[in-house]
2 protein chains.
Amino acid sequence: MKKMTLKEIAQVFNVSISTVSKAINDSHEISYGLKTKIQQYAKENKYRPNKLALNLRQKKTKTIGVVVPNILNYFFTQVFSGIEKVANEKGYNLLSCISDESYEKEVKTLEFLGGGTVDGIIVSMAEETQFKSKMDHFQNLLDEHIPLVMFDRVSDDVLCDKVVVDDYEAGYRTAKYFLNLGCTTLAVVSAIDQSSVGRLRVDGYKKALSEADIPFDDRLILRLGKKDDLELLMSLLLNYKQIDGIMALDEITAVEVLRIVKARGYKVQEDISVIGFTNGKLSRYVTPSLTAVSQHGTYLGETAANTLIERMEGRTGKDFSTRIIKTSLVVRDSTKKL
Amino acid sequence: MKKMTLKEIAQVFNVSISTVSKAINDSHEISYGLKTKIQQYAKENKYRPNKLALNLRQKKTKTIGVVVPNILNYFFTQVFSGIEKVANEKGYNLLSCISDESYEKEVKTLEFLGGGTVDGIIVSMAEETQFKSKMDHFQNLLDEHIPLVMFDRVSDDVLCDKVVVDDYEAGYRTAKYFLNLGCTTLAVVSAIDQSSVGRLRVDGYKKALSEADIPFDDRLILRLGKKDDLELLMSLLLNYKQIDGIMALDEITAVEVLRIVKARGYKVQEDISVIGFTNGKLSRYVTPSLTAVSQHGTYLGETAANTLIERMEGRTGKDFSTRIIKTSLVVRDSTKKL
DNA sequence: ATGAAAGCGCTAACAT
DNA sequence: ATGTTAGCGCTTTCAT
């Protein structure tokens with residue numbers, strides 16, 4: 001039972017290929033009798049039009065390319081899941097690629113996707129790309145008029161639709177929340193200082209401090225490199241000043257911070273409040289459960305997919321949009337009660 | 001700068017399309033001078049062969065379809081990541097689909113993938129599919145000679161390559177481990193009793209009990225339905241007998257069990273030992289950290305991808321293989337020390 | 001109501 | 001060394 005083609009069906013009925021094509025597509029041009037016979041035959045023999053031929057003919061694939069830096073990160077998984085949901089509803093498929101935070105892989109991937117394989121692309125930049133600030137590969141896509149939506153890790157140098165988390169605002173409001181709680185010596189632990197996202201959060205934090213007339217102290221910002229020892233840096237930090245609030249910019253780091261703080265004998269909540277970014281499963285189940293900034297990854301993904309699909313289907317003007325997803329704070333047990 | 005074709009290049013140089021094709025593919029048939037000129041022109045103008053045309057011509061897509069039930073489940077994410085890694089290394093792309101545990105969606109997805117979009121398919125069955133035991137959609141693929149690899153949630157009724165976790169053995173060894181610890185009243189909490197995977201683990205558990213001459217008591221098996229209240233069922237269970245070991249068949253359930261047991265005043269480790277299946281991030285960071293059965297998801301994914309690629313590239317015999325991934329126990333703090 | 005022919009972009013066997 | 005032709009499977013004018 002090999003794949004069957006229009007040609008074969010045509011031979012069976014001794015008609016032309018185009019007749020069969022029309023019959024199968026239920027064209028009114030074909031007589032009722034012949035049409036039903038052909039349709040029935042097609043169904044019985046499980047005829048399926050060859051997608052490759054259709055793609056070539058119609059110059060579209062009904063496929064969206066998705067490039068994420070790392071799928072093992074729950075936030076990106078959530079976004080992916082949101083994209084999938086919308087894409088599926090609207091009849092699109094997902095060609096998924098992982099850049100592994102590598103610039104080179106990202107370039108190759110986008111080059112590939114630009115080759116006609118997909119109708120549009122959704123991407124969040126690799127860390128290395130953000131670091132290098134090289135955006136040519138995105139520009140190439142734009143030059144070829146391939147619809148592109150960037151999310152979360154975006155660049156001002158690329159003119160396309162974007163969906164971002166309001167990281168500045170999130171940093172600001174998180175710091176504010178600490179201040180309202182009565183915390184005054186606020187540290188930040190960032191494992192993502194390379195990225196715009198991380199820096200925006202710190203900027204928001206600075207603004208909150210300045211509004212409260214608290215001088216900014218850079219030594220309270222712990223910037224964690226790939227090979228750094230968090231344990232060690234944390235103990236330096238904790239010895240430096242009597243810290244009563246820590247904001248950790250990703251979930252794993254937040255959980256680690258929690259562990260270290262506990263291990264060093266501090267009482268989380270009473271002595272030190274901790275808030276993490278990214279509200280994933282860990283935050284909920286860790287002890288004490290972690291107050292966290294939710295970035296609504298799934299919703300973000302849905303928004304990105306909708307934006308792209310609208311663009312692909314020409315239902316948007318020529319101006320690019322930047323949609324901003326509001327964060328929200330999920331209060332749990334790692335912060336003082338109000 | 002719209003996409004450029006061979007035809008356009010041919011016009012520029014006043015040669016035939018096939019000459020250009022050959023030149024670009026660096027054929028020896030073309031004179032050095034012309035060849036380099038064309039190649040240079042192509043490069044400058046960023047010529048990229050149209051993938052759709054190539055696919056049609058060569059009747060392959062260098063794409064693998066992956067269908068997983070749920071990407072928000074860390075195990076599947078790991079598998080996916082493993083597949084991606086190998087696929088990428090071998091020059092394949094991934095068309096990813098999520099069945100959402102739905103039979104219907106799985107059927108539609110496979111129908112779509114069978115339409116020529118991919119060269120081969122890797123799939124783990126939806127829960128509903130396992131429950132209904134309807135395998136026609138897989139059989140259809142096989143009939144059309146589309147290479148298929150099933151993993152983790154597989155069916156004996158589908159004759160194809162498979163990669164599975166040794167769940168029977170895992171259940172057996174986990175129960176054994178409890179017994180060695182001195183635990184004798186072992187409960188199982190299963191939220192996946194619909195699936196082969198869940199039942200195999202329970203079967204392994206039974207074997208270990210019988211070897212130790214402990215009679216099997218079905219009331220110690222807590223089968224959790226979608227809408228059931230774990231909290232309530234757990235308290236019934238804990239009141240039923242003095243349980244000293246609990247084996248939870250998925251990570252979230254394990255973590256919940258841990259929480260409930262703690263909340264009811266039992267000392268995890270001393271009073272009750274808990275082992276979870278699936279060694280994800282949660283297990284590591286929860287308090288107390290959870291002893292867990294690792295299924296080596298990434299490795300499983302790599303194996304599945306390798307198996308499929310070998311099959312697609314015809315480097316395997318006609319017999320189908322079933323590769324078995326051994327589990328291993330990651331001992332942490334939720335179990336008694338030996 | 002049916003069919004012939006062109007074409008999507010590319011490759012490759014077969015001329016010249 | 002270069003060109004011609006056919007064809008991958010399908011849709012879609014434009015005849016008939």
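One atom, CG of B/L54, and another, C1' of D/dC8, lie 12 Å apart when rounded to the nearest Å. Rounded to a whole Å, the CG atom of B/L52 is 13 Å from the P atom of C/dT11. Nucleotide C/dA12 holds its P atom 8 Å from the CG atom of B/N25, rounded to whole Å. For B/L56 and C/dC8, the CG to C1' distance is 9 Å, given to the nearest whole Å. Regarding B/L6, its CG atom lies at a distance of 10 Å from the P atom of C/dG9, rounded to whole Å. Between B/I9 atom CD1 and C/dT11 atom P the separation is 11 Å, expressed in whole Å.
Taking the six-membered ring where the residue is Trp, B/F80 and A/F80 present tilted rings, their angle falling between 30° and 60°.
Expressed to the nearest 0.5 Å, how far CE of A/M125 lies from OG of A/S99 amounts to 10.5 Å. Note that CG of B/L300 and CZ of B/F75 are 5.0 Å apart. Values are rounded to the nearest 0.5 Å.
Contact of A/K51 with D/dG9 (side chain to base): no donor-acceptor pair of N or O atoms is detected under 3.5 Å. No hydrogens or angles were tested; on distance alone, nothing pairs the side chain of B/S18 with the base of D/dT5 as donor and acceptor under 3.5 Å.
Residue-to-nucleotide proximity on DNA chain D shows that, of A/T19 and B/K35, the 5′-proximal contact is made by B/K35.
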